Structure formats: C-alpha cells, structure tokens
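In what follows, a structure is listed as structure tokens, so that the remarks can point back to it.
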Amino acid sequence: MSLNVESAPVLTQAAPTPLRLIDDAGRAVDPSEAGGFALPAPDILLGLYRRMVVARRFDVQVTALTRQGRLATYPSALGQEACEIAAVASLRTDDWLFPTYRDSIALLTRGVPPEDILASFRGEWHSGYDYYQHKIAPQATPLATQALHAVGLATASKLKGDHTVALTLLGDGATSEGDAHEAFNFAAVWQAPVVFLVQNNQFAISVPLDKQMACRTIADKAIGYGMPGYFVDGNDVAAMYAVVSAAVDTARNGGGPSLIEGLTYRMEAHTNSDDPTRYRDSSDVEVWRGRDPIERLEKYLVSVGVLTDGERAGITREAEELAAATRECMTKTAVIDPLELFEHVYATPRTALAEQRDFLANEIAEHEAAAAKTTGETA
C-alpha cells in the first residue's frame, strides 16, 4: 500500500498579481494599480538603491570567501535585496529586527560590522554582535522560532507603552511550522505591534511552494488569523518599502500586526552545500534574473534623472571598499578563548557553571604547561 497521498491541489481562484509600484522595465505603474500606496520620493529610492548595491557586493564577496573555505557555510540572499533592505529602512533605530539565517544583508544594512555578522558562519560565536546595541535578535537557524520571540517582545512593548515595533523576517518554508501559526495567532489575539515579512523565494531548500501549501498566496492566510495580509512584488523595493512602512506605522499606532508576503526568488543555492540543479530548472532562474530588483530600480532612477554617473561611481566605490574590508577581516586568524563558552549564559553566574569553568581553566593550564615543557626539552 502506498503512503503517498499527495495530489495536485484544486484551486478555485487564480493567484492575484502582486502589488507593485515599479514594473520589471523600470516604469512607475499607474496609480490605479498601486493599491492605494504612493511611490516613495526619489531621494528615498536613491538611498534604497545604494543600500541594495552595497548589500549585494557584500553577499557576492562572502559567497566567494565561503567557496575558498574561509567560512563553514553561508546562505546567500542574492536576488532578495529588495525585501531585506526595505524591511530595515522601514524601522526606527529603537525598533527590533528578528532575522533568519539568510538575512545577513539586513544586519549589514542596520549597521552590524561584517566580522560580527560572519562570526557565527565562521564558527567563532553563536552570534557575534551585541543584540541590544543593534536591536537585532540572533539570526535564527530553527525555522520560525524567532517569530514567537518577536511577538513576545512586541507584546512587552505594548504593555510598557514604549511604541517599539518588532519586525520578523521569515521564509516561505517557515510558514509551514507550528511556531509560525502560534506567532500569527497570538499576535492577532493580543494585537501586538509586530510585522511578519515572509520572503517567498519559492523553495524551502528543495521543496517548492506548491508542495507546501494549496492556498493562492501566503498572504491569504492572514485573514484566518484576523490581521491584514499584503501580497507584494518582492523584487520591487519601492512597493516593499511603501507596504512595510505602512504596516510598521499601523503596528506602532495600536493597529495590531500585519502579514506581508514578498514574492521573490533565491538566485543562489540554499547554502554552499546545496545543489539547486537537482530540483529546479535553470530556465526559471533566467526568468527571475530578468526581474532583478537592483536593475529595475536603476532603470527608474536613471529615467527620472536621479541616478547620475557620479552617484553610481560613488556607490560602486563604497561597495568595493566594503568588499575589501570584508576580505581583510576574514583573512585574520580568529583568537578563540574556550572560557568564553561560560560567559553570557546567566546574568548571575551559577555555582555549577563556575565549577565547570574552573575545571576547564585548570585543564587548559595543565596542557599549556605540558606543551611548554615539551618545547623546552626539545630546544
């Protein structure tokens, strides 16, 4: 007897067209098609363009370093820049970001230094940056766990009345986890000031979206939880910024949570250990390459006379300087103190943990003494 109960989903309605403000050709859409959202001002769009170009150069550089063996692993966000940069740009400095393992360029854009972002991928720390300094939770490898943390922080913010918003980034695969359901439900019930941004890059590692769910869009799920849902072109940074900013404002002003789906595509492999040719067609990749979020915005900015050759040269120079700094920090040998394992575990150190630390410290000292003796005898 076969246990395979999978069958093709029967959809009664076609998937809607995602909301966009700038089309694939770099033209502003007619206001009647903009869903009530206004195209951001040219200076805002130029800033978003700069951030995307710099972020992509960083991502490409880190992927190259990973292939050289400088990092243990790295999940690229190439092609997803519009979602991540729009998300960060929509937040205030006192808002909190709850990222996934793929959202390194979001951390970069929010001000985390490259060496701190890459510490975990290099195997030096579980997380190499100060959460409270940057208002960014640890990059989550378990799917959707950070969504619950975001709801908790947002609910605490509401109770304290400090108007802090929590924005959590998710992948399409994460929405199939029970943690995501619990987060959506609690956020809506408690009217927590949280925004859920799902980067639908259409593959949960090797599993395509239509093998995960039968609904038209992920955004359609929002109505079942009692919150608004938005289906947005995730490669249109103008639309992403407009929608995310509106959702953040709604949350801050007591309007509760929102679920935003950014339809995008993962251009690179899931990680450096993955072979995407085994489960997706290269022709699909080429289609999405033609929808590149940076090229789309560049065409628009050039057409309205905002992106000059001088501006472009300056942005390129900034991106290359960052790439060089990233290469330099990854060539340095990491200095790792095993005793750091016991730091930042408890606010008040526990006796048992202190005893374990002392035991390890003594063992290290004994090994160092033995090595020094051996070296002396050899000399």
Side-chain angles (χ1 to χ4, degrees), residues 51-85 87-88 97 99-129 134 136-143 146 169-174 199 201-207 264-280 282 284-286 288-289 292-294 316 318-336 340:
R51 292 174 175 182
M52 286 199 295
V53 171
V54 171
R56 174 167 295 183
R57 185 65 187 91
F58 171 79
D59 191 275
V60 170
Q61 181 61 74
V62 177
T63 297
L65 289 168
T66 306
R67 289 170 179 162
Q68 295 168 13
R70 304 286 181 85
L71 291 93
T73 187
Y74 181 70
S76 170
L78 186 71
Q80 298 181 211
E81 295 88 358
C83 289
E84 301 200 19
I85 273 58
V88 171
L97 177 69
T100 75
Y101 54 84
R102 195 177 300 282
D103 301 322
S104 296
I105 61 172
L107 274 64
L108 177 77
T109 305
R110 197 156 166 84
V112 183
E115 59 268 29
D116 293 347
I117 296 172
L118 301 176
S120 58
F121 297 115
R122 202 179 184 190
E124 298 170 17
W125 277 82
H126 289 302
S127 185
Y129 53 91
H134 299 287
I136 302 174
Q139 285 185 276
T141 299
L143 298 185
Q146 79 279 9
L169 297 169
L170 299 161
D172 49 288
Q199 297 181 79
N201 65 21
Q202 304 180 57
F203 285 93
I205 306 183
S206 59
V207 181
T264 184
Y265 198 80
R266 190 192 77 219
M267 300 302 295
E268 291 280 359
H270 177 70
T271 67
N272 53 298
S273 61
D274 173 44
D275 179 9
T277 62
R278 298 179 61 184
Y279 56 82
R280 69 182 189 186
S282 59
D284 291 338
V285 179
E286 291 307 309
W288 280 92
R289 202 178 300 280
D292 186 274
I294 296 178
T316 300
E318 179 184 352
E320 290 303 325
E321 288 172 356
L322 175 67
T326 303
R327 290 194 299 272
E328 182 179 357
C329 75
M330 286 295 102
T331 59
K332 297 177 182 177
T333 302
V335 179
I336 299 175
E340 287 181 342

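Treat the numbers as computed from the prediction; the structure is a model and nothing was measured.
A donor-acceptor contact shorter than 3.5 Å links the side chain of Glu81 to the backbone of Gly79. A donor-acceptor pair under 3.5 Å links the side-chain atoms of Asp103 to the main chain of Thr100, judged by distance alone.
Partner of Gln80 under the side-chain hydrogen bond (donor to acceptor under 3.5 Å, both in side chains) criterion, out of Asp59, Asn201, Thr264: Asn201 alone.
Rounded to the nearest 0.5 angstrom, Gln61 CD and Leu322 CG are separated by 9.0 Å. Here the straight-line distance linking atom CD1 of Ile117 with atom OG1 of Thr326 works out to 8.0 Å at 0.5 Å rounding. Taken from CD in Glu321 to OG1 in Thr316, the straight-line distance is 11.0 Å, to the nearest 0.5 Å. To the nearest 0.5 Å, the span separating CG on Leu78 from CZ on Arg289 amounts to 7.5 Å.
Residues Leu107 and His134 have side chains not in contact (no heavy-atom distance under 4.5 Å, counting atoms from C-beta outward). Looking at heavy atoms from C-beta onward, Glu328 lies out of side-chain contact with Pro114 at the 4.5 angstrom threshold. Taking the side chain as every heavy atom from C-beta outward, Arg278 and Ser206 never approach each other to under 4.5 Å. Between Pro276 and Phe203, every side-chain heavy-atom pair lies at or beyond the 4.5 Å cut-off. Side-chain atoms of Tyr129 and Pro113, non-hydrogen and from C-beta on, never get closer than 4.5 Å to each other. Between Phe58 and Leu118 there is a side-chain heavy-atom pair separated by less than 4.5 Å.
For Arg280, the salt bridge (Lys or Arg N to Asp or Glu O under 4.0 Å) test picks out no residue, with sequence neighbours left out. With sequence neighbours excluded, the residues satisfying side chain to side chain contact (heavy atoms under 4.5 Å, CB included) with Arg70 are Leu65, Gln68, Thr331.
Contact check on Arg67 versus Glu268 returns a salt bridge, with a Lys/Arg side-chain nitrogen under 4.0 Å from an Asp/Glu carboxylate oxygen.
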